[in-house]
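Because the structure is predicted, anything quoted here is derived from the model rather than measured. All chains are named by letter (A, B, ...) in the order of the sequence lines, taking the proteins before the strands, and each is independently numbered beginning at 1.
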Number of protein chains: 2
Amino acid sequence: MSDETAAFCCPDHSGAAPAEAILAAAEDKARARGLRLTPVRRRTLEILLQAHGALGAYDVLERLAAEGFGTQPPVAYRALNFLVENGLAHRIRRLNAFTACTHPGHDHRAAFLICETCERVTEAAAPDLSKALGAAAAQAGFTVERVTVEAVGRCRACTQARA
Amino acid sequence: MSDETAAFCCPDHSGAAPAEAILAAAEDKARARGLRLTPVRRRTLEILLQAHGALGAYDVLERLAAEGFGTQPPVAYRALNFLVENGLAHRIRRLNAFTACTHPGHDHRAAFLICETCERVTEAAAPDLSKALGAAAAQAGFTVERVTVEAVGRCRACTQARA
DNA sequence: GCCTTGACTGTTATTATATAACATATCATA
DNA sequence: TATGATATGTTATATAATAACAGTCAAGGC
Ligand SMILES: [Zn+2]
Ligand SMILES: [Zn+2]
Ligand SMILES: [Zn+2]
Ligand SMILES: [Zn+2]
């Protein structure tokens, strides 16, 4: 799926990664909610954070296996699903991949911006979006529970690089 | 591009889909744009329309094969991709499935409402959504090209049934 | 202490989804 | 009718995800 890790993790790929801060926040959250952020799970989150982009389950698995964790798909899928269910990571369906949540401190409805040039994923807060969708859904008598928003386009860095 | 559509094929799953009308519209569109709506492609669209919901590629394939078309995955994937690329169908990523476009007459940004009880999919026109997303994306310097919006929740029929 | 219980981790095996590569057939049109 | 482009079909393979089950381990009741 994707290649190597960079030490940055930020909305527009322009600044230093608050990876440590995010990890710390995840630990706080886990403590507060009684979640068990076990070694595989924690390491999986770290792997996602270091990747600076979305990673496929098998990419994650490869790294976990290399570090002495289990070598079979369920190991990665279980850790990833745990993170997703607890708001510490997100699943990017268009890419069949996962990415660390960049602001795990609170529940949110996020939109994902997928650059088709560099393949990196940015998580954007988009509160208005829920509203707009809620209205459209209400018209149809539909009650919305969860929403996935994934946009494909071009990130700032790639736009500038091409200009 | 529009907002005036009767956005819902069958909001509460209570009426028959206007399949013939949609199919006719698809043929008009194909003629107008010089698309080749060949037998497999046309039949694939019909299959989607008759399904009243999203179908997986292998489900479509099964039906096609039973009718004398090819029996191998690429047959279904090619027809489905053709339909998607030309706005006659949509891919529902959350379900790994495809659904006929219920208003193929014009380009649109649609949102999909997926009922987690009956698993049926409704296509809702949601023009405001693009705006809201565009704003959020602009903040990050991101240029949006295509957007996927998929909501999971409960449709009117299922809500009423449970009440 | 020790036993039960439930959550977690790991395994093997299988299922599900999607594409690559290539041969044949059909269509457009010159 | 020849010719190049498009479409259809095949075999084979790649990629993604889950099922089912066994061993581990720590917490809480006795
Ligand atoms: Zn997030
Ligand atoms: Zn980019
Ligand atoms: Zn549509
Ligand atoms: Zn329903």
Where the side chain of B:Lys29 meets the backbone of B:Asn86, is there a donor-acceptor pair that is under 3.5 Å apart?
yes

What does A:Arg41 touch in the nucleic acid at a heavy-atom separation under 4.0 angstrom: a base, only the sugar-phosphate, or nothing?
sugar-phosphate

In whole angstroms, how far is the P atom of D:dT8 from the CG atom of B:Leu80?
12 Å

Which whole-number value in Å describes the distance from A:Glu85 CD to C:dC8 P?
11 Å

Without decimals, in angstroms, what is the distance between A:Arg94 CZ and D:dT15 P?
20 Å

Measure the distance from CG on A:Leu55 to P on D:dT15 and round it to the nearest whole Å.
16 Å

Students often get this wrong, so: under 4.0 angstrom with heavy atoms, is A:Arg91 touching a base, only sugar-phosphate, or nothing?
sugar-phosphate

Tell me: CG of B:Asn81 to P of C:dA20, nearest whole Å?
11 Å

What are the two closest non-hydrogen atoms of A:Cys101 and A:Ile22, and how far apart are they?
O-CG2, 3.6 Å

Output the rounded distance in Å from CG (A:Asn96) to P (C:dA16).
17 Å

Nearest atoms (heavy-atom pairs only) where B:Ala26 meets B:Leu45
CB-CD2, 3.6 Å

Return the angle between end axes of the helix from C:dG1-D:dC30 to C:dA30-D:dT1, with five pairs used per end and rounding to 10°.
20°

By side chain to side chain contact (heavy atoms under 4.5 Å, CB included) - contacts of B:Asp59 (at least two apart):
B:Leu55, B:Glu62, B:Arg63

By the ring-ring contact (aromatic ring centres under 6.0 Å, His included) test, which pairs, at least two apart or in different chains, include something from residues 54-94 of chain A?
A:His90-A:His108, A:His90-A:Phe112

With B for base contact, S for sugar-phosphate-only contact and - for none (protein heavy atoms under 4.0 Å), nucleotides 23-28 of chain D reads ------

Can you name the residues that form a side chain to side chain contact (heavy atoms under 4.5 Å, CB included) with A:Ala89, not counting sequence neighbours?
A:Leu48, A:Leu83, A:Val84

Please report the distance, rounded to the nearest Å, between CD1 in A:Ile92 and C1' in D:dA16.
16 Å

Once salt bridge (Lys or Arg N to Asp or Glu O under 4.0 Å) is applied, do any residues pair with A:Arg43, and if so which ones, sequence neighbours excluded?
A:Glu46, A:Glu67

Nearest-Å distance for atom pair CZ/P, residues A:Arg43 and C:dG10
14 Å

The side chain to side chain contact (heavy atoms under 4.5 Å, CB included) partners of B:Asn96 (sequence neighbours excluded) come to none

For residues 138-153 of chain B, which side-chain donor-acceptor pairs fall under 3.5 Å, sequence neighbours excluded?
unit_1: B:Thr148; atom_1: OG1; unit_2: A:Arg94; atom_2: NH2; d: 2.6
unit_1: B:Glu150; atom_1: OE1; unit_2: B:Arg94; atom_2: N; d: 2.9
unit_1: B:Glu150; atom_1: OE2; unit_2: B:Arg93; atom_2: N; d: 2.8

Quick one: salt bridge (Lys or Arg N to Asp or Glu O under 4.0 Å) partners of A:Arg31, sequence neighbours excluded?
A:Asp28

Residues of residues 56-64 of chain B with any non-hydrogen atom less than 4.0 angstrom from an atom of DNA chain D: list those, numerically ordered, please.
none

The criterion is side chain to side chain contact (heavy atoms under 4.5 Å, CB included); which residues satisfy it with B:Ala30, sequence neighbours excluded?
B:Leu35, B:Leu37

To the nearest 0.5 angstrom, please state how far the CG atom of B:Leu113 sits from the CZ atom of B:Arg156.
11.5 Å

What are the atom names and distances for every N/O pair under 3.5 Å that joins the protein to nucleotides 9-14 of chain D?
unit_1: D:dG9; atom_1: N7; unit_2: B:Arg78; atom_2: NH2; d: 2.1
unit_1: D:dG9; atom_1: O6; unit_2: B:Arg78; atom_2: NH1; d: 2.9
unit_1: D:dG9; atom_1: O6; unit_2: B:Arg78; atom_2: NH2; d: 3.3
unit_1: D:dT10; atom_1: OP2; unit_2: B:Thr71; atom_2: N; d: 2.8

Measuring from A:Cys118:SG to A:His52:NE2, what's the distance to the nearest 0.5 Å?
7.5 Å

Looking at B:Cys115 and B:Arg154, what are the two nearest heavy atoms and their distance?
SG-CA, 4.0 Å

